Novice: 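One structure, pasted below without further comment.
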Protein chains: 2
Amino acid sequence: MIGAQLSATSPAGDVAACRPPRLAGSRLAASAFLSREERQALEDAAAPARTVAANTDLLQEGAHADDLFIIVEGWACRYVTAKDGGRQLSALLLPGDVGNLDSLLFSRLDYGVRTLTEATVVAVPRDWILALAVQHPGIARTFIWLALLENVILTKWTQSLGRRSAKSRLAHLLCELSMRLDAETDGESRFTLPMTQEQIADVLGLTAVHVNRVLQELRLEGMVSTKYRRMILPDVVRLRQSCGSDPHYLHMEQPAATPRGMVARALS
Amino acid sequence: MIGAQLSATSPAGDVAACRPPRLAGSRLAASAFLSREERQALEDAAAPARTVAANTDLLQEGAHADDLFIIVEGWACRYVTAKDGGRQLSALLLPGDVGNLDSLLFSRLDYGVRTLTEATVVAVPRDWILALAVQHPGIARTFIWLALLENVILTKWTQSLGRRSAKSRLAHLLCELSMRLDAETDGESRFTLPMTQEQIADVLGLTAVHVNRVLQELRLEGMVSTKYRRMILPDVVRLRQSCGSDPHYLHMEQPAATPRGMVARALS
DNA sequence: CGGTTCGTTGAGGCCCATCAATCTATGTGG
DNA sequence: CCACATAGATTGATGGGCCTCAACGAACCG
């Protein structure tokens, strides 16, 4: 949204107006740590958007990646396949998310990145980003922020996988998605969940059969209603209470940038 | 170790020689991204080391922290307690690790940090680090690196918690610790594991009773032998094979710093 | 209309939790 | 030195949550 504001206020003859902002809406571009100049530098580094079919690997497991991929539209996931064929997702990537942040510093990926729906994706060369980060503190800090955010979500997932019942895990996932998608109005939440029950099972460490049964329980309790892939959570507050989900979940409010004066103080 | 080299090669009358390096051996100080100057700047920011008893909270769940805590000696953990009393650890902190990296940008912690053994700890003011990161790209990059490393470990844990059997989870944990502690010689690994079976259970998402039974199975199979808290893994290679653990696990090899020339190229 | 993917339902069984008791090691005070 | 208390490891019996295997229904599609 910040990206959108920028282009809206840019002068009519601006060069940026000639090509639509590629990172608009991405968490990267929305970072409060970026100056206008830094945001534009990132924008310039981005390659043209590309459209990818559903269920397509953007990056295979163990691949070597020279670009960071940003999901601009559609859903994707990070996954790992065990030797016995068991699969576990380690991230759900929503519009705005970076698919392979690790590639910034590690050459070999230890997961794969795959689309769940048709998606449009933007690639940004990792070396370019690294070079920009040297020049621009705000860009460096933005990537620290992104990495820490992923940390928060992964920590929540370990809680679910380690200590929660199947029903509670599913409820938690729905609450998380409701928050991340900003899908709530008047205590009700509506959003499209473009995943099969098998894929949901691979997030929750369950089988598709059991996800199905647990989902029915939630429906019977009136916590969830589904029509095709459309999810409705009639009472999100109650759902959150039932599974002990923290509404302040994901540190959605971004901390303010460090005031400039602080630098002088710390270095004195 | 790099820190140790530094003080060894510093001139006899150096100021640094007057106070022993506080961050020596920490992953922070060992970062290959730091120039000598940057490493010293971090060193200067560190408070004197403090000794803390076992089973003591460094930070309570949900606390507000203004410092980053670095575990210099001893073991600690990150944990979350559910309302029903169930506890799940989300990190094991070994000497050199940062306890609360999130505090760099998020004011409210969503976990607690607690010692497992007696430990010595160094605090570094977060605002100081943030200010240094603005001036020193190597410091900024080091923190990106630290955050991404935590990500890698958390991703591995989600695999274990979601898709592995109890025995495999335990084997994986032992392999991870063997690597992180660099405890292997001639295919055999020996290290002290200063945790109760209850604490191990809280890492693996199991009960202490079941950890006990599974540990006995591993003993019967000759994969593990224990004497008090001392672990011996007679054949780490076989243990790794039995549970499908990747020896290149933790990106122990740190990527080289970006060559300076790259900046000019990217910005041209 | 046949094929495919996905959702749903049922029967049976195993892994791990739960509850509880015993045993050992360690420490503490009289 | 022993009685006692406590923390942790160990063992057994029982039950439940979730898996496994299998079949069927529903929606979509060429």
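Every chain is numbered from 1, with letters handed out A, B, ... down the list of sequences. No experiment lies behind these values; they were computed from the predicted model shown. The basis for the numbers below is simple: all heavy atoms, side chains too, and nothing from hydrogens, waters or symmetry mates.
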Novice: Please determine whether a side-chain nitrogen of the Lys or Arg among B:D102 and B:R108 lies less than 4.0 Å from a carboxylate oxygen of the Asp or Glu.
Specialist: no
Novice: Whole angstroms only, please: what is the NZ-C1' distance between A:K227 and D:dA27?
Specialist: 15 Å
Novice: Return the nearest nucleotide to the side chain of A:R213; candidates are D:dA9, D:dT11, C:dA11.
Specialist: C:dA11
Novice: Between C:dA17 atom P and B:D84 atom CG, what is the distance in whole Å?
Specialist: 14 Å
Novice: Base, sugar-phosphate or nothing for B:R169? Non-hydrogen atoms, less than 4.0 Å.
Specialist: nothing
Novice: Within the 4.0 Å heavy-atom criterion, would you say B:R164 contacts the bases, only the backbone, or no part of the nucleic acid?
Specialist: nothing
Novice: Select one nucleotide: of C:dA17, C:dC19, D:dT20, the one nearest the side-chain heavy atoms of B:H210.
Specialist: C:dA17
Novice: OP1 or OP2 of C:dT9 versus the side-chain N and O atoms of A:Q216: is any pair under 4.0 Å?
Specialist: yes
Novice: Can you find a heavy atom in the side chain of A:L233 that is under 4.5 Å from one in the side chain of A:F191?
Specialist: yes
Novice: How many Å lie between CG on B:L206 and C1' on C:dA17, as a whole number?
Specialist: 10 Å
Novice: Nearest-Å distance, CD1 (A:I200) to C1' (C:dC6)?
Specialist: 12 Å
Novice: State whether A:K167 and A:E221 are salt-bridged, where the test is any N-O pair (Lys NZ or Arg NE/NH1/NH2 against Asp/Glu carboxylate O) under 4.0 Å.
Specialist: yes
Novice: Looking at A:N212, I'd like to know whether one of its side-chain N or O atoms comes within less than 4.0 Å of OP1 or OP2 on C:dG7.
Specialist: no
Novice: Starting from P on D:dG16, measure out to NZ on A:K167 and report it in whole angstrom.
Specialist: 16 Å
Novice: Heavy-atom nearest nucleotide on DNA chain C for A:E198 versus A:R163: which residue maps closer to 5'?
Specialist: A:E198
Novice: Just checking B:R219: base, sugar-phosphate only, or nothing, at a heavy-atom cut-off of under 4.0 Å?
Specialist: sugar-phosphate
Novice: When all nucleic acid strands are considered with a 4.0 Å heavy-atom cut-off, which category describes A:G86: base, sugar-phosphate, or nothing?
Specialist: nothing
Novice: Whole-Å distance between D:dA9 P and B:L193 CG?
Specialist: 10 Å
Novice: How many whole angstroms separate atom CG of A:L116 from atom P of C:dC6?
Specialist: 12 Å
Novice: Hey, does B:T196 reach any base, or is it just sugar-phosphate, or nothing, if we go heavy atoms under 4.0 Å?
Specialist: sugar-phosphate
Novice: Under a 3.5 Å cutoff, is there a donor and acceptor pairing between the side chains of B:Q159 and A:S90?
Specialist: no
Novice: Is it true that the side chains of A:S178 and A:E184 contain a donor and an acceptor less than 3.5 Å apart?
Specialist: yes
Novice: In whole angstroms, how far is the C1' atom of C:dT5 from the CD atom of A:Q197?
Specialist: 12 Å
Novice: Please determine if a side-chain N or O atom of B:Q199 lies less than 4.0 Å away from the OP1 or OP2 oxygen of D:dG8.
Specialist: no
Novice: Nearest to the side chain of B:V209 - D:dC18, C:dA20, C:dC16?
Specialist: C:dA20
